[in-house]
Amino acid sequence: MSGIGREKNRPLAVYAVLYLAFLYVPVLFLPVFSFNDSIYISFPLKGFTTQWYASMIGNEPLLAALGNSIRVALATAFISTLLGIFAAKAVTRYKMPGSRPVIGAIMLPLVVPEIILGTALLIVIMQAGGTLSLLTVTLGHVLLCVPFAMAVLMSRFEGFDRSMEEASADLGENAWWTFWRVTVPMAMPGITASFLLCFTISFDEFIMAFFLGSTDPTLPVYMWNQLRFPQRLPGVLALGSCILLISFFVIALAEYLRRRSSFNDETAKVTID
Amino acid sequence: MTDAFISLRGITKAFGAFKAVDDVNLDIARGEFFSLLGPSGCGKTTLLRMIAGFETPTEGDVVIDGVSMSAVPPHRRPTNMVFQSYAIFPHLDVAQNVAYGLRRDKLDKAEVAGRVGEALAMVKLSGYESRRSNELSGGQRQRVALARALIKRPKVLLLDEPLGALDRKLREEMQLELRTLQRSVGITFVFVTHDQEEALTMSDRVAVMSQGKPIQVASPRDLYERPNSVEVADFIGKMNFLPCRRLNGSGEAGEVEADGLGRVPVVNGAECPDVATLVVAVRPEKLSLHADEPAGALKIRCRMQNTAYLGDRSHYVVSVDGLERALAVSAQNADPEAARQLAGGASLWLSWAPDALIALPAER
Ligand SMILES: Nc1ncnc2c1ncn2[C@@H]1O[C@H](COP(=O)(O)OP(=O)(O)OP(=O)(O)O)[C@@H](O)[C@H]1O
Ligand SMILES: [Mg+2]
């Protein structure tokens, strides 16, 4: 029985292995070449070195770009999640006429090509007489991230027991305090997930950062600039490897938090019934 | 009632064209244990939520302690509610849940701890302070919800089927505890239930609701002994209905010609059921079965159709000549030998007291 099952699945297994290889082998070249003692990205490997990593430490422009990216990503994650909370709360809680078109409008950046959005924003900012800076980059990123934040938070708010908020009002708290004492803590897993998601989206976003940025680049833009100098390529690889490792941990953390909270919810639900 | 504490004045709640609550006028006295009883969907929850302020009446006004509530939002009303789902905050422990409503009172830590301890002791949950909602049983959660509401020292406590999720034994225990608690704190309770036994055992007065309207508001005893309609009589306990025709009498007593029973005296259940068609209603336990002819005038011959032995009592189904439907009779099994004899007997006697038969307008 199981033999037959295995027999049948063989083409599928081969496909899966090929697919994963296609997905991850190129990514694996990044750390491999980042330890290679040569500025040329080609086989055979020369020798082992950590000099590309060491060179990052004293690299002022790189550290500045890293700082920019972190600041933009933090601001984006914060603003997008906050806007996402209000928007998600509004559309899940109140049955307003025309809420569907509004949701559609907020979700639009998910399907509009980024390059179009970037160009459009650039024109608007120029027309309005604004100057490009990290602020405008953040603005673009917020536009991109709000739909994601809203999607994550809407699913959280939809599973909300209305009577929790009513209980808070019943115990004497007005809407504002109810929001902070009940709604936000109960939506915390969603808020954390939204924050981490927006952070990672903003952190590695290139097109908006390139269109709307000034001479003060974010990390992806800095890396792109470096690619014009072949001798700096191994340094970029080392940087890429670091980002890879950190992203992995951030996503793993988000997933861990999400699972832990949903596990708690499950047990809560089961015992309520 | 002159000293109405909660006064519902012409309350209507319409959802579109459908009236969930339809022109309700009710007065509830201070310190009363008042129940709203009725089948599912009759508008009990909607009515309770209008008292709490979660729903706005389409028409009418809720007055509590002389103050109109029409402009008062839920968080400012002198009411607290125990929700059907209990709504225990999952992100707070028991002590924090119970203390939730005290923030605005600006008490210091020791005072809060004292009040929480007091409230938890009242519901017998001392020692559970640091538990979370998912570490509590249904009954314990119900008590947390109760303590959380009572710590606010409300004028009115609203309870929406608080015992619905509990098993039978715990339910009966909690009924007793709630009743005792209500007496000791002296708070006015408005209690929603669809369980007639629960309403009867706990309440000072009960409003039986049907399709958004209270059809009878009375003490448990009056509801049971003197229902004012077939609907109430049928909903509260078991009842036999017999077709009959009015002969004479009005007000409290009268005489009818009932199918199978002949000319019998009746008590008028409704104010004055002076309508052409009446029914006679009689409770199964108000009929008694005898193997031999009993003394007294109110009796008739009957035949045993069916018996069910329930331990403490037995249910019998007997048929009477001239009566289409069989009658249900129930009797205590104080003397098991007599019960056995009744069950075996084919030809028996049925008797009843003069005030056992109630005349009601036949509206069904
Ligand atoms: N928000 C609403 N919109 C439309 N109809 C509603 C709404 N809330 C309640 N209803 C309707 O009003 C009627 C009364 O509802 P309610 O919840 O008060 O019943 P209930 O007596 O509490 O019943 P149960 O014993 O099942 O809880 C029902 O027919 C219900 O469908
Ligand atoms: Mg209900």
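Every chain is numbered from 1 and lettered A, B, ... according to where its sequence line falls, protein lines coming before strand lines. Side chains included, hydrogens not; waters and symmetry mates left out as well; all remaining heavy atoms used.
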I need the minimum non-hydrogen distance between B:R148 and A:A167, along with the two atoms involved.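 That closest heavy-atom pairing would be NH2-CB, 3.6 Å.
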Considering all heavy atoms, the nearest A:P185-B:H91 contact: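 Where A:P185 meets B:H91 most closely, the heavy atoms are CB-CD2, 3.3 Å.
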Surrounding [atom1] of [X] (heavy atoms of other residues, nucleotides or ligands, distance under 6.0 Å), is the total greater than 12?
| X | atom1 | result |
| --- | --- | --- |
| A:L63 | CG | yes |
| A:F78 | CZ | no |
| B:E111 | CD | yes |
| A:F195 | CZ | yes |

For the candidates B:R132, B:R49, B:R103, which exhibits the highest count of non-hydrogen atom pairs separated by less than 4.5 Å from chain A?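 Ranked by heavy-atom pairs under 4.5 Å with chain A, first place is B:R103.
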CG/A:D170 to OH/B:Y100 distance, rounded to the nearest 0.5 angstrom?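 So the CG of A:D170 and the OH of B:Y100 are separated by 11.0 Å.
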Nearest-0.5 Å distance that lies between atom NE2 in B:H75 and atom CH2 in A:W177: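 Going from NE2 on B:H75 over to CH2 on A:W177, the span is 12.5 Å.
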Among A:M186, A:R181, A:R162, single out the residue with the greatest number of heavy-atom pairs under 4.5 Å to chain B. A:R181
Can you tell if the side chain of B:Q84 reaches within under 4.5 Å of the side chain of A:S163, non-hydrogen atoms only?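 Counting from C-beta outward, B:Q84 and A:S163 never come under 4.5 Å.
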Any side-chain heavy-atom pair of A:E166 and B:M81 under 4.5 Å: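 Side-chain contact under 4.5 Å: no.
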Does any heavy atom of chain A fall under 4.5 Å from the side chain of [X], the backbone, both, or neither of them?
| X | result |
| --- | --- |
| B:F89 | both |
| B:I151 | neither |
| B:R76 | neither |

